[in-house]
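All remarks here apply to the structure that follows.
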Amino acid sequence: MDGALTLTDTRSDRGADTPAAVLDCAGLTRSFGDRLAIDDVSLRIAPGETYGLLGPNGAGKSTTIRMVCGLLTADAGTVTVAGLPMTPGAPARALVGYVPQDVALYPDLTARENLRFFGHMYRLRGKQLAERVAEVLDLTGLTDRGGDRVESFSGGMRRRLNIGAALLHRPTLLVLDEPTVGVDPQSRHAILDSVRAFGAAGMAVLYTTHYMEEAERICDRVGIIDHGKLIAEGTPRELVAQVAERDRVELTATGNLPGFATACAALTGVTHTDSGDGMVTLLVEDGRAVLPAVLDAAERADIAVRSVQVVEPDLESVFLHLTGTSLRE
Amino acid sequence: MHPALTIAGKDLRQRLRDKSAIVLGLLAPLAIAALMSFAFGSAQTFHLDTAIVDEDHGELAAAFTSMLSSDDLSDLVTLVPATSRADAESKLDNGEVAAVFVIPAGFTAAAHGGGAVPVTVLGTVDQPVATQVGTAIANAFVARFNAVRLSVGVAVAGRTPPSDALVADAARAALPEQVVARSAGTRPLDAISYYGPGMGIFFTMFATGFTARGYFAERANGTLDRITAAPVGPGTVLAGKSLATFGYALASLTTMAVVTTLVFDAYWGPPAAAGALIIAISLALVGLTALVIAISRTERQADGLAGIATFALVLLGGNFVSLSMAPAALRTLALFTPNGWAMRGFTDLSTGAEASAIVLPLAAMLGFTAATTAIAMFLIRRTVTR
């Protein structure tokens, strides 16, 4: 991506009676057949707040988002946006900007045609539509390419336009479903800056990711979801405080890693262990103090250690602490 | 503009940027209609080249030859001279003639004596219709002779003395023509006026498949989610997609009508009535498209279902072969197809029938549209957001 999207503060446009919570999900539950995908999830997002829904793949992030956007009905629970219930065809939809995980644009239409089309879907017309299309093209840095077909765009340009299409109608709530999956580091950096700007401009943002560093960087509050349940919620600082001063020790190694992890669990000062993908992750009270014992255990278990990293407490540690597994794909 | 119209406009724009739409919507039906008209158009102007082998040399054989070369049959029959039976059979084998009449020796004498020495009609398997027409001509001649003989026999039985004058009077007393072939209208149906609409409708029916596949492609690439996340009703996307079919069919059939009329001298009927039929069949395709989308679960299912529906309907509806030549059961089944009703309406109009002749076809097509659309909307409302 060439640069971050920039946004001006639109809070003054919304009037003085904006409710305290832009998004209010209460008791959302959804099953697919016998599988309980979402289990009694409740969350609230205030104006200008960026809320990160953090969880591994398959945890229920996208299902939650689809219910928030009215793309999926809940078996139980309610979704309200600015006090309006989210039902099929409901006015609440006009308040939500939805950014799908994959680029959802028409490659054989130009950028301007795509924006005009999606603007029409949000009932923008005439001069207002033309102005918003021009503004979004400017916002995404695509003014010069507005007449070009999307199929001729780079991946970063498509990503920007994908987000821009959700901003046409000045949504009160912006919902982004893992917008950085498969994105190069530069574009990812720019997207995160943009999301940060949306929140600063007064927009409520619901952002799903399975990258804990993204959540730490841009989110005011984070909800950790696993197996369809919201297992923790708070600011990144509050969540990290749950694991006190525990460090995370990550060893890249070969050998019987599950056996090695079990052996480490018996060591003094080790509170949680996890293994997989050629890596053993330990949650420990003092990384530096426990490291010699860990390396001894590796030697005894005939484990070839390739690298060791001691990490200060972060959301990854929180997830490990709460679920007993690390937040890897 | 309603979002459904916006979706339809977007789909049409995408369709027109795809060159295959022009090929399928205009060039292909035009080419196939022209080819089929060329192939079957000659059936409208049947002509029989024939030869006579007169082994009788009697007055009745002469009368038969005279009848074949008369002005009455000059448009239908051309007599090709043959010197002998072998010569005539040779001409039949090499295709110079399509049928040969052999009048055997003793034909006249047998007829006067009340006996029977039949005329033989020689034909080829390549041209069975020519053989049938030749047989019909010979039968007609014999029937007329028998009528005269019966008349004279009755007169003689009534004690009128037999004479040449009596025979001549009996021959002149033939009944006036009792059977006249007419179509529903006042014009003969020419091939291009049949195959123009037939092929136009056939190829526009492919639009149901394009649109249905497009719906599922949008679902796969996420744009459908993006649209349905907007404040539009659950049926809006379906309506928009289906309306794109309407626009495509309307444009394609209208262009076909104009081009075949100007280039091939086709007659689709009075413009207003033909236009009404074009609109009605285009609406019927809207309903069909909506139904295919609502029933299908995947792009592949939609593709298969649309293909089956298209070919089943065109075969039952008579787009390729006139239903007048089809078995009664097929003609009955055609009543359940919108294209069958459209073809019926276009055929009536192109043969000069009154505009009122299309009232029933219009009603049938609109009924089909209403039924399929209602079912589709019911199904789509049940499945959306589930």
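In what follows, every chain begins at residue 1, and chains take the letters A, B, ... in the order their sequences are listed.
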- Backbone N or O of B/Asp225 within a donor-acceptor pair of the A/Arg66 side chain at under 3.5 Å?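 It does not hold such a pair.
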- Query: Nearest heavy-atom pair of B/Thr223 and A/Leu105: which atoms, and what distance?
  - Reply: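 Here B/Thr223 and A/Leu105 meet closest at CG2-N, 3.6 Å.
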- Query: Which heavy-atom pair separates B/Pro3 from A/Arg125 by the least distance, and what is that distance?
  - Reply: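 Scanning both residues completely, I find the closest heavy atoms to be CD-NH2, 4.3 Å.
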- Item | By side chain to side chain donor-acceptor pair (under 3.5 Å) - contacts of B/Trp341 (at least two apart) |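 For B/Trp341, no residue satisfies side chain to side chain donor-acceptor pair (under 3.5 Å) once neighbours in sequence are set aside.
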- Counting a contact as any heavy-atom pair under 4.5 Å apart, which residues of residues 6-16 of chain B contact chain A?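 Residues B/Thr6, B/Ile7, B/Lys10, B/Arg13, B/Gln14 are the ones that qualify, each having a heavy atom under 4.5 Å from chain A.
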Region of [X] that comes under 4.5 Å of a non-hydrogen atom in chain B:
X: A/Ala165; value: both
X: A/Asn162; value: both
X: A/Arg116; value: neither
X: A/Val103; value: backbone

- Name all residues meeting the salt bridge (Lys or Arg N to Asp or Glu O under 4.0 Å) criterion together with B/Arg17; count only those two or more places apart in sequence or in a different chain, and write none if there are none.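 Salt bridge (Lys or Arg N to Asp or Glu O under 4.0 Å) list for B/Arg17, sorted by chain: A/Glu113.
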- Message: Return the CG to CG distance between A/Asp102 and B/Asn221, rounded to the nearest 0.5 Å.
- Response: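 Separation between the atoms: 9.0 Å.
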- Message: Tell me whether B/Arg226 forms a cation-pi arrangement with A/Phe118, defined as NZ or CZ under 6.0 Å from the six-membered ring centre and within 45 degrees of its axis.
- Response: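 Yes, B/Arg226 sits over the ring of A/Phe118.
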- Query: For chain B, which residues from residues 145-153 of chain A lie under 4.5 Å away (heavy-atom distances)?
  - Reply: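 A/Arg149 fall under the 4.5 Å cut-off.
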